> 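Below you'll find the structure I mean.
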Amino acid sequence: MRVRAVAGVLALIAVAAAWAPVRAGQDGLDARARGFLEAVRTHRRNAERIAAYFPREGEWRYVHTRHTAGGASVGVWRFPAGETLRAIQGPLVMSFDLHVEGQRVGTLVHQLLLRGSEWRRVRGTRFVPRDAPAGSAIYVQWRRESGAWVIDEIGDESFSGQAKLPSWCC
C-alpha cells in the first residue's frame, strides 16, 4: 500500500513538473531563436544555414502583411518542410537575403539590420523585435519537433505606394 502511495505522489510530481511554466531561457528556445536571427542577419546568401532552423517534417507558414495606401492585407503561405530551401532561395528571397538596392522595408532581414537580433519572447514561443508590440506583424514563432526547436511560422511586412511608414522606419 505504501509503495502505491509513494508511486502516486511521484506521478503527481512528474505531472506537475510537466505542466509547470518554463522560466525564460531554460528550455533552450531563447538561444535557438538568437542563433536563427543571427544566421539571417550575418550570413547573406547562405540559405542552407538558415534552412537548418526549419522543420524536417510537416509544414511551416509564412505570414506577410502588405501595407498600401488603401489599407493592409495579410497573406499566409504554407511550405512543406522538404521545400524550405527552395522557398528561402525563391519566393521568400526578399525576406531572407539582403538586397542593397531595393530592400523592402519591413522584411525579416531588413528588420534585423535596422533593429538588431536581440528580440524578445512573447506569447510563449513567439519572438518580436525588442521595441515592437507583442502583436507585431514581424515575428518568428517556434514549435518542438523531435525534441528540437524549429520554426513554425514567420511574419513580416512590406509597404508600397503611399502606405504610411511606421515610426521605427527610416
Side-chain angles (χ1 to χ4, degrees), residues 18-19 21-68 72-130 132-160 163 166:
W19 284 97
V22 178
R23 287 196 307 231
Q26 286 187 333
D27 57 2
L29 178 55
D30 293 301
R32 180 87 169 147
R34 213 170 15 261
F36 168 71
L37 294 169
E38 276 298 306
V40 173
R41 189 178 75 78
T42 61
H43 295 282
R44 295 164 190 84
R45 307 218 187 274
N46 191 347
E48 293 84 8
R49 181 163 179 200
I50 294 168
Y53 289 90
F54 286 81
R56 300 284 174 257
E57 51 196 53
E59 63 182 23
W60 59 275
R61 289 171 305 284
Y62 170 70
V63 179
H64 184 79
T65 302
R66 183 172 179 250
H67 301 276
T68 65
S73 61
V74 178
V76 178
W77 290 264
R78 297 178 187 282
F79 294 97
E83 296 294 316
T84 298
L85 188 58
R86 195 175 315 190
I88 291 170
Q89 292 173 325
L92 302 182
V93 72
M94 290 297 283
S95 290
F96 291 100
D97 197 11
L98 180 64
H99 298 268
V100 178
E101 294 181 21
Q103 184 69 43
R104 276 194 219 149
V105 170
T107 58
L108 184 65
V109 71
H110 175 261
Q111 290 306 294
L112 288 165
L113 291 170
L114 187 67
R115 297 163 120 176
S117 56
E118 291 299 319
W119 290 22
R120 65 187 177 93
R121 190 195 274 204
V122 298
R123 299 184 186 166
T125 62
R126 182 178 287 223
F127 288 77
V128 299
R130 67 177 169 259
S136 174
I138 302 160
Y139 64 90
V140 178
Q141 188 165 302
W142 299 79
R143 72 170 187 253
R144 287 288 216 177
E145 178 184 274
S146 303
W149 287 110
V150 297
I151 292 172
D152 185 43
E153 189 171 296
I154 288 182
D156 67 7
E157 58 190 346
S158 63
F159 301 83
S160 61

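This structure is a prediction, so every number in the text was calculated from the model and none was measured.
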> Do any N or O atoms from the side chain of Arg41 and from the backbone of Ala39 form a donor-acceptor pair under 3.5 angstrom?
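Here the side-chain-to-backbone pair does not exist.
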
> How close do Ser95 and Asp156 get, counting heavy atoms only, and between which atoms?
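Nearest pair, atom of Ser95 first, then Asp156: OG-OD2, 2.6 Å.
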
> For Arg61, enumerate each residue passing the side-chain hydrogen bond (donor to acceptor under 3.5 Å, both in side chains) test, keeping only those at least two apart in sequence or located in another chain.
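For Arg61 the side-chain hydrogen bond (donor to acceptor under 3.5 Å, both in side chains) partners, ignoring immediate neighbours, are Asp152, Glu153.
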
> Check whether any side-chain heavy atom of Phe96 lies under 4.5 Å from a side-chain heavy atom of Ile88, and answer yes or no.
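The answer is yes; the side chains approach within 4.5 Å.
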
> Yes or no on side-chain contact (heavy atoms from CB on, under 4.5 Å) for Trp77 and Leu92, after CA distance, side-chain angles and deciding distance?
CA-CA 10 Å; Trp77 290 264; Leu92 302 182; over 6 Å; no

> Can you tell me how far apart OG1 (Thr107) and CD1 (Ile154) are? Round to the nearest 0.5 Å.
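Thr107 atom OG1 to Ile154 atom CD1 measures 11.5 Å (nearest 0.5 Å).
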
> From Arg56 CZ over to Thr84 OG1, what is the distance, rounded to the nearest 0.5 angstrom?
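Those atoms lie 7.5 Å apart.
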
> Strictly distance-based, threshold 3.5 Å: is any side-chain N or O of Glu145 a donor or acceptor partner for the main-chain N or O of Glu57?
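Yes.
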
> Under the rule for side-chain hydrogen bond (donor to acceptor under 3.5 Å, both in side chains), what residues qualify as partners of Arg34, not counting sequence neighbours?
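Applying side-chain hydrogen bond (donor to acceptor under 3.5 Å, both in side chains) to Arg34 gives none.
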
> Please enumerate all residues that pass side chain to side chain contact (heavy atoms under 4.5 Å, CB included) together with Ala132, with sequence neighbours excluded.
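Partners of Ala132 under the side chain to side chain contact (heavy atoms under 4.5 Å, CB included) test: Arg115, Val128, Pro129, Ser136.
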
> Check whether any side-chain heavy atom of Asn46 lies under 4.5 Å from a side-chain heavy atom of Glu48, and answer yes or no.
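Yes, their side chains come closer than 4.5 Å.
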
> Check whether more than 12 heavy atoms from other residues, nucleotides or ligands sit under 6.0 Å from atom CZ of Arg32, and answer yes or no.
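Buried by this count: over 12 neighbours within 6.0 Å.
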
> With side-chain hydrogen bond (donor to acceptor under 3.5 Å, both in side chains) as the criterion, how do Thr125 and Gln141 come out once you've worked through the C-alpha distance, each side chain's angles and the decisive distance to 0.1 Å?
CA-CA 6 Å; Thr125 62; Gln141 188 165 302; 4.7 Å; no

> Tell me, please, which residues at least two apart from Tyr53 pass ring pair (Phe, Tyr, Trp, His ring centres under 6.0 Å).
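Tyr53 satisfies ring pair (Phe, Tyr, Trp, His ring centres under 6.0 Å) with Phe36 only.
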
> Please identify each residue that fulfils salt bridge (Lys or Arg N to Asp or Glu O under 4.0 Å) with Arg144, with sequence neighbours left out.
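Partners of Arg144 by the salt bridge (Lys or Arg N to Asp or Glu O under 4.0 Å) criterion come out as none, since no residue qualifies.
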
> In chain order, what residues pass the side chain to side chain contact (heavy atoms under 4.5 Å, CB included) check against Ala148, with sequence neighbours excluded?
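Side chain to side chain contact (heavy atoms under 4.5 Å, CB included) list for Ala148, sorted by chain: empty.
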
> If we only count heavy atoms from C-beta on, is the Leu37 to Trp119 side-chain gap below 4.5 Å?
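Yes; the side chains approach each other to less than 4.5 Å.
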
> Kindly write out the residues that satisfy side-chain hydrogen bond (donor to acceptor under 3.5 Å, both in side chains) with Thr65, not counting sequence neighbours, or none if the list is empty.
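None.
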
> Quick one, Val150 and Trp60 - any side-chain contact, counting heavy atoms below 4.5 Å?
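Contact flag for Val150/Trp60 side chains = no.
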
> Any chance you could lay out the side-chain contact (heavy atoms from CB on, under 4.5 Å) test for Val76 and Tyr62, step after step, and finish with the verdict?
CA-CA 6 Å; Val76 178; Tyr62 170 70; over 6 Å; no

> For side-chain contact (heavy atoms from CB on, under 4.5 Å), just list the numbers for His67 and Ser158, CA-CA rounded to whole Å, side-chain angles, deciding distance to a tenth of an Å, and then say yes or no.
CA-CA 6 Å; His67 301 276; Ser158 63; over 6 Å; no

> Please give me the minimum heavy-atom distance between Asp30 and Asp27, naming the atom from each residue.
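Scanning both residues, the minimum pair turns out to be N-OD1, 4.4 Å.
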
> Using a 4.5 Å cut-off on heavy atoms from C-beta on, say whether the side chain of Val122 contacts that of Tyr139.
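Heavy-atom side-chain distance check fails, nothing below 4.5 Å.
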
> If you define the side chain from C-beta out and look only at heavy atoms, does anything of Arg126 sit under 4.5 Å from Val140?
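Arg126 vs Val140: side chains apart.
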
> Identify the heavy atoms of Ala51 and Leu85 that sit nearest to each other, and give their distance.
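Between these two residues, the closest heavy atoms are CB-CD1, 4.2 Å.
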
> Using ring pair (Phe, Tyr, Trp, His ring centres under 6.0 Å) as the criterion, list what pairs up with Trp149, not counting sequence neighbours.
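Residues passing ring pair (Phe, Tyr, Trp, His ring centres under 6.0 Å) with Trp149: none at all.
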
> Let me confirm one number: the OG-CD distance from Ser117 to Glu38, rounded to the nearest 0.5 Å.
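Rounded to the nearest 0.5 Å, the OG-CD separation comes out at 3.5 Å.
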
> Go through the steps to decide whether Trp142 and Ile151 satisfy the test side-chain contact (heavy atoms from CB on, under 4.5 Å), and finish with yes or no.
CA-CA 4 Å; Trp142 299 79; Ile151 292 172; 3.7 Å; yes

> Kindly write out the residues that satisfy side chain to side chain contact (heavy atoms under 4.5 Å, CB included) with Glu59, not counting sequence neighbours, or none if the list is empty.
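Per chain and number, Glu59 pairs via side chain to side chain contact (heavy atoms under 4.5 Å, CB included) with Arg78.
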
> Is the terminal nitrogen or CZ of Arg121 (NZ for Lys, CZ for Arg) located under 6.0 angstrom from the six-membered ring centre of Phe127 and within 45° of that ring's axis?
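That pair does not qualify as a cation-pi contact.
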
> Got a sec, which residues hit side-chain hydrogen bond (donor to acceptor under 3.5 Å, both in side chains) with Arg86, two or more places apart in sequence or on another chain?
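Counting only residues at least two positions away or on another chain, Arg86 forms a side-chain hydrogen bond (donor to acceptor under 3.5 Å, both in side chains) with Glu83.
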
